[in-house]
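Just below is one structure, and these are the notes that go with it.
Below, all heavy atoms of this structure are taken into account, side chains as well, without hydrogens, waters or symmetry copies. Residue numbers begin at 1 in each chain, while the letters A, B, ... track the order of the sequences.
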Amino acid sequence: MALKTEEMVLNMGPQHPSTHGVLRLQVELDGELVIGVRPYVGYLHRCFEKHAEAMTYPQVIPYVDRLDYLTAMNNELSYVNACEKLMGIEVPERVQYIRVIMAELNRIASHLIALGTYGLDIGAFTPFLYCFIDRERILSLFEMTCGARMLYNYIWIGGLSHDLHPDFVRLTREFTQQFRPHIVSLNNLLSYNKIFIERTANVGVLPLDVAVNYGITGPMLRASGMEWDLRKNEPYAVYDRFDFDIPVGKGTVGTVGDCWDRYFVRVLEMEQSVNIIEQALNQLPEGDVFSAIPKRVKPPEGTIYARTENPKGELGFFIVSNGSVNPYRVKVRPPSFINLAVIDAISKGCLVADLIAILGSIDIVLGEVDR
Amino acid sequence: MIFDTLSSFLGNEIIAGIIVACLPLFLVILPYAIAAVLAERKVSAYMQDRIGPNRTGFHGVLQPVADVVKLMLKEDIVASNVDKPLFNIAPLLVFTGSYAAFAAIPFTSIFIGTKLDLGLIYILAVSSFVVAGILMGGWSSNNKYSLIGAMRSAAQIISYEIPTFLVVVTIIIITGTTNLTVLSDYQTSYFWNWMILGGPSLGVVKFLLIPFMIVGFVIIYISTLAEVNRVPFDIPEAESELVAGFHTEYSGMKFAMFFLAEYANMFAVSALIATVFFGGYQSPFGYLGNLMGIKWLIPLEQLFWFSVKGLFFVFVQMWLRWTLPRLRVDQLMTVCWKYLIPFAFVNLLIVGLLVVL
Amino acid sequence: MKTPEEIFEILKAAFGDAIIELNTKSPFEKVIIADPLKVKDISLFLRDNEALDFDSLVVLSGVDDANGEKVEEEDGYKSIKGGTLSIFYHLESIALKHKLTLKVSVPRENGEAESVESVWRSADWQEREVFDLLGIKFLNHPDLRRILMPEDWEAGHPLRKDYRNPEFYQGMKVPY
Amino acid sequence: MGLLDKEFTDGNIVITTADSLFNWARLSSIWQASFGLACCAIEMMATSASNYDFDRFGVIPRASPRQADIIIISGTVTLKMAQRIKRLYEQMPEPKYIISMGSCSNCGGPYWDHGYNVLKGIDRVIPVDVYVPGCPPRPEALLEGLLKLQEIIRNESLVKKSA
């Protein structure tokens, strides 16, 4: 008599230590082999798009912060960028430089959390705390500038809520100088750790054609080998004035597009962000940051899709304006949401532990997946 | 030895037996486990630029006491679908298994639960008792995470017994004894007589043995690390995958038993390594008691050295835990079957040849 | 690199009536309006035609046009009857670096459009989202369920302009 | 735990001493269910991290609710999530406490009006001991909330409360 076997269905989440929030994965298991993954999202659906329809254009900014709460500055920049295009506002140079500095600082902070929690997923606890120490320093810079640690409401349509603190430039320089060695120590502690490489190399390989078909963007797409970065390809703000590289996955320890590549692209991106910040600090012009803030935000009728490069990928806002002070419809293109959809395709046939590694390398934030 | 003294003193073997049985529990295991919990939190805190517990007692020294008291006071949840007898018996088994190992550990030349002739094998055998408890706990919890954790644990512990035992056999070949007291006395006086440095024998063989002893030490350290489910081999309770592994469903005192058993186990295997390779309770530099002619000082010194050696290895286990990531389950098996076991075999073979020489 | 006008000509030649018009009302982007029941063939053509090569669906958004007539119900609440809902497809060719906005409109009641999930996999979840929040059905979608809202949500589709919140959901009070 | 199931009608020296021991143990060893919801979860993580160090107060995260003493509701609770939080709460062993962290879980926060899927306050589903305001609250605020909770625990008693 043949032995009857049955697949086991394992429910991960919504409360699970490594689903990075309230994601639920229904995993079909054959022993420890993953046969299929069915993600269930929506446990943090906070109705952003409904709120955006009820608010005026500037009032939407605090809600935009709460989309991907790790990268609030980048979200604001993206939304404000769309609104300014819609209204045709010319923004002073100083404002643009400050925006770039803030966005890049926030990119580092976001990547630090991504890398730290990824270490946690793999089982290394200490790098997580080291990452948080550096992140706290960035947050204190933000706090000095606008008074908030996480959700800033700092970048306004046409300007900023505050000018820089007089000490900001000096302290940021200090931070960037001290941060570079920290990247090296993170590499020594985690990136080149033999066990870490064993766990992540050749795991969850995402081929480039699949990535494009799934609409994957950001570090995930770059890890699969495509040089695609909106800061270079479609420069917004003043990104065309800086000299920086786009790191891509090279398959250094495994295959191009594996988990280690996705991890390491983020490490390299932090270095590039530090480069951009240093250049921007050197070029920072003087000027008034409040001069272009419109008294009344009432864009003309029309539709626009504007996008920027967020730490997680391409964040876009599709705004339908009917000529009133409230947006008629704001549709977000959430990078985490679209990146997450690929998990079933790349995790077939791996082990449960690999599934965690793959999920961590996608770097999702549920606030953005569910909006 | 203690048993004999006590029974002649009290004139009653049963009372003496009970006292002897409880003595290590209250004198050694519980204080040690509690101290180890605190040490783990402090060690991790200092490694991570934190302070660690410092509100409960002086610098948080009472923290584990508060933890244990609190766990005793917690509600003891037995979910409706668990297999109740197994569920209740599992933590006891695990706790007993790790506790029983202490019976044969020679803390000093006079303080030892029982001078078993098979001490070495007894410790290994009784500590694999733990597997049964873990498997029972995981199975009876009726929770998929627990089940996967228990299955992983069973596979892991059983596999890693083999390299551990092979290394122990090499020691038995050299010393010709499995009695831990004899083994400790064999490595007496100074640190160059320790097994890791070839034992007390003289001549070329001693120096030839040294590299193989070091290899043996590395193998046994890695495999005992896996046996007590510590990072990088903590996959049975891998927090990021399996929530809390086999003890996901346990609360209150039953969880505390698992918790304390883990730390007791850590010390048991560290003590084993210290005994086998690092002279057990023997001082590395000779005894002050001998020097000054105070005989009663010697056991105290022995206790001191034994604790230092054991705790050092416990500290290394903690150090690794807060530094390394975790292996995957198949890699874990690869390490054991493809690397440790062949190396242990070759090691055994060469050591055997050397001893024959 | 092709302008929306050129793409419109190519599509018009290939599909005729299924391509309705090139809308240039918005000053920021030109929109090609197509037939919702032919959109899959059009998408396949857009993806596989070498001169167009739209290999990536950037975003798929549903919009409630709210252009029907407003009907006042018994309790004074205004609901919308008739009119259309729209879907916008923002497409991009990574190789040829050109972009396109495609729009289809479906009727508000029982609106149906073809699914483009088999053309661009990124449409899978986005179509589910549009179905969930606006109630547009996608034909031939493999797994059309609610994605963001609870699966047993019965109060309709929240992003419609005439959506009304229920008082209770599973015994929990919904309004503030 | 027979002793704790009983309620005593009058306090005597034994009970009050036991009280103070039990309360001391409970308030010094508050294990937290590591459960994050939204933005506030990041601040909760920051509180556990090196700069603020929750561990000083004896708070360590436990992944399994069976071993946790408090659950920090850190973020927006949606209607889809509410029943699951309730179940999570029911899985925790007594005595259990709840800190509601942030405006969203206190009252719906910025989503109070148009949030069709947002539960306006976690106290509609489970009882809350301490509310921590803020959006998100700073780590210091969460620590303050923890100290308040310790005060609550310190004043608990085995003696039955009389009217």
* Structure fact -> Of all heavy-atom pairs linking C:L148 and D:N117, the shortest is O-ND2, 4.2 Å

Can you give me every donor-acceptor pair (side chain of residues 42-60 of chain D, partner residue at least two apart or in another chain, under 3.5 Å) with its distance?
| from | atom 1 | to | atom 2 | distance (Å) |
| --- | --- | --- | --- | --- |
| D:E43 | OE1 | A:R149 | NH2 | 3.0 |
| D:E43 | OE2 | A:R149 | NE | 2.8 |
| D:T47 | OG1 | D:E43 | O | 2.6 |
| D:S48 | OG | D:M44 | O | 3.1 |
| D:S50 | OG | B:Q48 | O | 2.7 |
| D:Y52 | OH | A:R149 | NH1 | 3.4 |
| D:D53 | OD1 | B:R50 | NH1 | 3.0 |
| D:D53 | OD1 | D:D55 | N | 3.2 |
| D:D53 | OD2 | B:I51 | N | 3.0 |
| D:D53 | OD2 | B:G52 | N | 3.1 |
| D:D55 | OD1 | B:R41 | NE | 3.3 |
| D:D55 | OD1 | B:R41 | NH2 | 2.7 |
| D:D55 | OD2 | B:R50 | NH1 | 3.3 |
| D:R56 | NE | D:Y52 | O | 3.4 |
| D:R56 | NE | D:D53 | O | 3.2 |
| D:R56 | NH2 | D:Y52 | O | 2.8 |

* Any idea which heavy atoms bring C:I147 and D:K80 closest together, and the distance? -> O-NZ, 3.3 Å

* To do: Inspect the surroundings of CZ in D:R87 and state if more than 12 heavy atoms from other residues, nucleotides or ligands are less than 6.0 Å away.
  => no

* Greater than 12 external heavy atoms within 6.0 Å of C:K161's NZ -> yes

* Can you measure from OG1 (D:T78) to CE (C:M149) and round to the nearest 0.5 angstrom? => 9.0 Å

* **Residues, nucleotides or ligands: over 12 heavy atoms within 6.0 Å of C:N110 CG** => no

* Structure fact -> Between D:Y116 and C:W153 the two heavy atoms that sit nearest each other are O-CH2, 3.7 Å

* Asked: In terms of heavy-atom contacts, does NZ of C:K12 have more than 12 from other residues, nucleotides or ligands at under 6.0 Å?
  -> yes

* To do: Measure distances from D:V118 to the heavy atoms of chain C and classify the residue's part below 4.5 Å as side chain, backbone, both or neither.
  => backbone

* Asked: Where on D:L119 is there a heavy atom nearer than 4.5 Å to chain C: the side chain, the backbone, both, or neither?
  -> side chain

* To do: Report, as yes or no, whether the 6.0 Å neighbourhood of atom NZ on C:K70 holds more than 12 heavy atoms from other residues, nucleotides or ligands.
  => no

* Asked: Has the side chain of D:R124 got a donor or acceptor atom that lies under 3.5 Å from a matching backbone atom of C:K173?
  -> yes

